[in-house]
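For reference, the structure discussed in these notes is given below.
Lettering of chains follows the sequences in order, A, B, ..., and the numbering in each one begins at 1. No experiment lies behind these values; they were computed from the predicted model shown.
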Amino acid sequence: MTANIYRTHHCNELRPEHIGQTVTLSGWVNSARDHGGVIFIDLRDREGMTQVVFRPEENPETAQASHHLRDEDVIQLTGKVSKRLEGTDNTNLATGQIEIVVSGFTVLNKSSVLPFQLDVELSNEDLRLKYRYLDLRRPRMNRNLRLRHKIVKAARDFLSSKENDFVEVETPILSKSTPEGARDFLVPARLNPGKFYALPQAPQQYKQLLMVAGLEKYFQIARCFRDEDLRADRQPEFTQIDIEASFITEEDIYRLVEGLLKEMFQAAGHMNIPLPFPRITWKEAMDRYGSDKPDTRFGNEITDLCDVFAKSEFKIFRNTLDNGGVVRGVNAKGFAGITTGQMIRLNEVAHEVGLPKEVKQLAFIKYEGGEFKSPLWKFFTDEEKAALIKKVNLEEGDIVFFVAGPWESTCTILGRVRLEVAAMMETTKNSSALNFLWVYDFPLLAFSEEDQKWNAVHHPFTRPKSEDMHLLDTGSAGTLAGQSSNAAKGGSAPSLAQIRAVAYDVVLNGTELGGGSLRIHESDLQAKMFGILGVSEEDQKEMFGHILEAFQFGAPPHGGLALGLDRIVMLAAGEDSIREVLAFPKNNRGQELMTQSPGVADFRQLRDLYIASTFKPKAKEEGAAPQAN
RNA sequence: GGAGCUGUAGCUCAAUUGGUUAGAGCGCCGCCCUGUCACGGCGGAGGUUGCGGGUUCGAGCCCCGUCGGUUCCGCCA
């Protein structure tokens, strides 16, 4: 710290070797202990705390004035570093062997009583957000912000190092709307009446065009914007570490990102991160974990039971199997003691993610007290029972949940059940494991029943695997829906659904940290993709003409990835919400409660922008006059 | 858009089957206190139980509506 008129040292600096020196400190009153005579103050700054003492017998006027100090007053004081009295050292304080005997002080700013205490956990998040500048004074929040800085710095340093040599480039925030993906935030363009900028959902096109520009290695700590509903790990504006490089393969990306994440987590104090990360295909992730972002910190994997029930006479299983569906289960080890409430909750969860309404009750078998308990048991033959017990390793105290249906939704449902059981059993509660994982070979396309068309799973610039490239021609407009249902039944006819992308996600403990892909760099292939996605040639020209044209001027093969910085910091900090690692986050409705954004716009502002709001506030009651509050 | 949880003093929470004047801790204010470190002691202030309606002799508690918060589903290329 550089000494200046406010202070010669910070509050976590003075040690016994400073005894005898006259020092000046500035900071906040963390607590005041007024004994009537002698008064103690813990003075706090961002580095730590130092006890200061006011002694009436040495400086009567100063001591008298100190009676009026209250918590969170900002003061500047001068005094002599002294050894504490015998037996009064405080081992909880780094500066606990010394204290400052104050000769004089100034109140720089008096504090009113705070709306909440800084030393007590607060459950009212509204209040925390309204007074965020006070909330951030608390050590935990202060630590989180500084941790975030360290992690970002580690990322910058790693990518900028001589060895990696990436170039940080800023791309526009005022950008252009794209048809695919999330809802855009729009900004009216005053100089172009009737037109709008869109805030970027990601710098995707810009970074690819930087590759065409010959930059070869680009990164950016990029703010991204998506106007969708919020979650604990989703804010309307968030930060990505955005990376793109030319003349590389996915192996280069894996190696780079593994090194990068290791550096970032090490900066946060997590030292044991073995490389390389394990890899799993999307298909296997779905098969075993029912998720494209598996949490591998615990077992209870999904077991396929099609062979066990291949000859089953049980109607539901029979029909499912005959229609190309699957029967699968999850053995929740040691969860036979499930409560009624938990069972109800599990059913809700299963229905939320697609268990058909007709299936009233998630099927189960539990083995408890040497007895098999199940509504289904009576439908199974002895061979089936024996095969089942063996296949899922059903032991005393276990409960197995079953789902029968199409492969993907069956896996998804069981995957959610698996996670919910783990949450109920608090399986990962005290785990410090960091299970990094690559998920690769994602499908390129998914058929949307809602839109009745094929959509890009990752984004429209994603490169199909070369061995699947020929399948791009299997899609012709009239047969798309038919192919989709064929794929859903696990049919083997050539289908757009079977095309794999050179796309990969990096996952940590069941959270997607980021994802990327190799890109299309050929204009004809890119045009073909847009065609499959149902973007008309006219729209292609209008919305993507620049990128299609760019790909005709010597575009290098390229690819990249984006990492969700907020989530990374959240996990590194051990927090459950990214709001805890953002200085000024928004609440569930996208409001920032401290400044009260978003706010209303003045009629003149709107007029300048050539826009008018069509919003009509709901009338409270018929005939009731609107009330000001 | 849907579901769960939730709303009581400045903060964190309590209040038996619906039953007297809605309590506690912390904080705040006043007085006392010269070695504390979450200092201590004594005293005090502070509440339209989110809001509106209903049931009841009686509602913080039950019912309906509404508003806010939060978690999840939908959504998030």
Side-chain donor/acceptor contact of [X] with base of [N] under 3.5 Å:
X: A:Q117; N: B:rU12; answer: no
X: A:E99; N: B:rG35; answer: yes
X: A:R84; N: B:rC37; answer: yes
X: A:E57; N: B:rU34; answer: yes
X: A:R234; N: B:rC75; answer: yes
X: A:N124; N: B:rG69; answer: no

By nearest atom, which of the nucleotides [options] is closest to the [X] side chain?
X: A:V38; options: B:rC72, B:rG35, B:rC76; answer: B:rG35
X: A:R589; options: B:rG68, B:rU34, B:rC75; answer: B:rG68
X: A:H35; options: B:rG35, B:rC72, B:rC75; answer: B:rG35
X: A:N588; options: B:rU70, B:rG27, B:rC75; answer: B:rU70
X: A:R231; options: B:rU70, B:rC76, B:rC73; answer: B:rC73

Does the structure show a Watson-Crick or G-U wobble partner for [N], both distances under 3.5 Å? Name it, or say none.
N: B:rA59; value: none
N: B:rA45; value: none
N: B:rC5; value: B:rG69
N: B:rC39; value: none
N: B:rG25; value: B:rC11

What does [X] touch in the nucleic acid at a heavy-atom separation under 4.0 angstrom: a base, only the sugar-phosphate, or nothing?
X: A:L114; answer: nothing
X: A:L85; answer: base
X: A:S31; answer: sugar-phosphate
X: A:D576; answer: nothing
X: A:N587; answer: sugar-phosphate
X: A:E348; answer: nothing
X: A:P460; answer: base
X: A:D126; answer: sugar-phosphate

Self-check item: Test item: A:D34 and A:H67 side chains (from C-beta on) under 4.5 Å apart, heavy atoms
Solution: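 A side-chain contact under 4.5 Å exists here.
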Self-check item: Trace of the side-chain hydrogen bond (donor to acceptor under 3.5 Å, both in side chains) decision for A:Q498 with A:D468
Solution: CA-CA 8 Å; A:Q498 292 172 329; A:D468 294 349; over 6 Å; no
Quiz item: Does A:F116 lie flat on the base of B:rC11, that is, centres under 5.5 Å apart and planes under 30° off?
Solution: no
Which value, in whole Å, describes the distance between the [atom1] atoms of nucleotides [N] and [M]?
N: B:rA24; M: B:rG43; atom1: P; answer: 13 Å
N: B:rA45; M: B:rC5; atom1: C1'; answer: 35 Å
N: B:rU34; M: B:rA14; atom1: P; answer: 40 Å
N: B:rG44; M: B:rG4; atom1: P; answer: 46 Å
N: B:rA22; M: B:rC61; atom1: P; answer: 15 Å

Quiz item: How about A:S31 and A:R33: does a side-chain donor come under 3.5 Å of a side-chain acceptor?
Solution: yes
Quiz prompt | Residues A:H558 and A:R463: side-chain donor-acceptor under 3.5 angstrom | solution =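 There is no such pair (donor and acceptor under 3.5 Å, judged by atom type) between the side chains of A:H558 and A:R463.
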Can you tell me if [X] touches the phosphate of [N], counting only side-chain N or O atoms and a distance under 4.0 Å to OP1 or OP2?
X: A:R33; N: B:rC39; value: yes
X: A:Q51; N: B:rG35; value: no
X: A:R579; N: B:rU71; value: yes
X: A:R70; N: B:rC29; value: yes

Atom pairs under 3.5 Å: protein N/O with N/O of nucleotides 40-51 of chain B:
none

Exercise. Could you tell me whether a side-chain N or O of A:D42 sits under 3.5 Å from a main-chain N or O of A:T50, the two making a donor and an acceptor?
Key: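 Here the side-chain-to-backbone pair does not exist.
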Quiz item: Pick the nucleotide of RNA chain B nearest each of A:S123 and A:V353; which residue has the one closer to the 5' end?
Solution: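 Final value for this comparison: A:S123.
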Quiz prompt | Salt bridge flag under 4.0 Å for residues A:R140 and A:E121 | solution = yes
Exercise. Would you please indicate if the ring centroids of A:F54 and A:F105 are separated by under 6.0 Å?
Key: yes
Exercise. Please work out whether the ring planes of A:F442 and A:W282 are parallel, tilted or perpendicular, with thresholds of 30° and 60°.
Key: tilted
Self-check item: Inter-residue atom distance A:Q526.CD - A:Q540.CD, 0.5 Å rounding
Solution: 8.5 Å
Practice problem: Find the distance A:H68:NE2 to B:rG30:C1' and express it as a whole number of Å. | Solution: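 Rounding to the nearest Å, NE2 of A:H68 and C1' of B:rG30 are 13 Å apart.
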Quiz item: Just wondering, are more than 12 heavy atoms of other shown residues or ligands nearer than 6.0 Å to NZ in A:K465?
Solution: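 Enclosed: over 12 neighbouring heavy atoms sit under 6.0 Å from NZ of A:K465.
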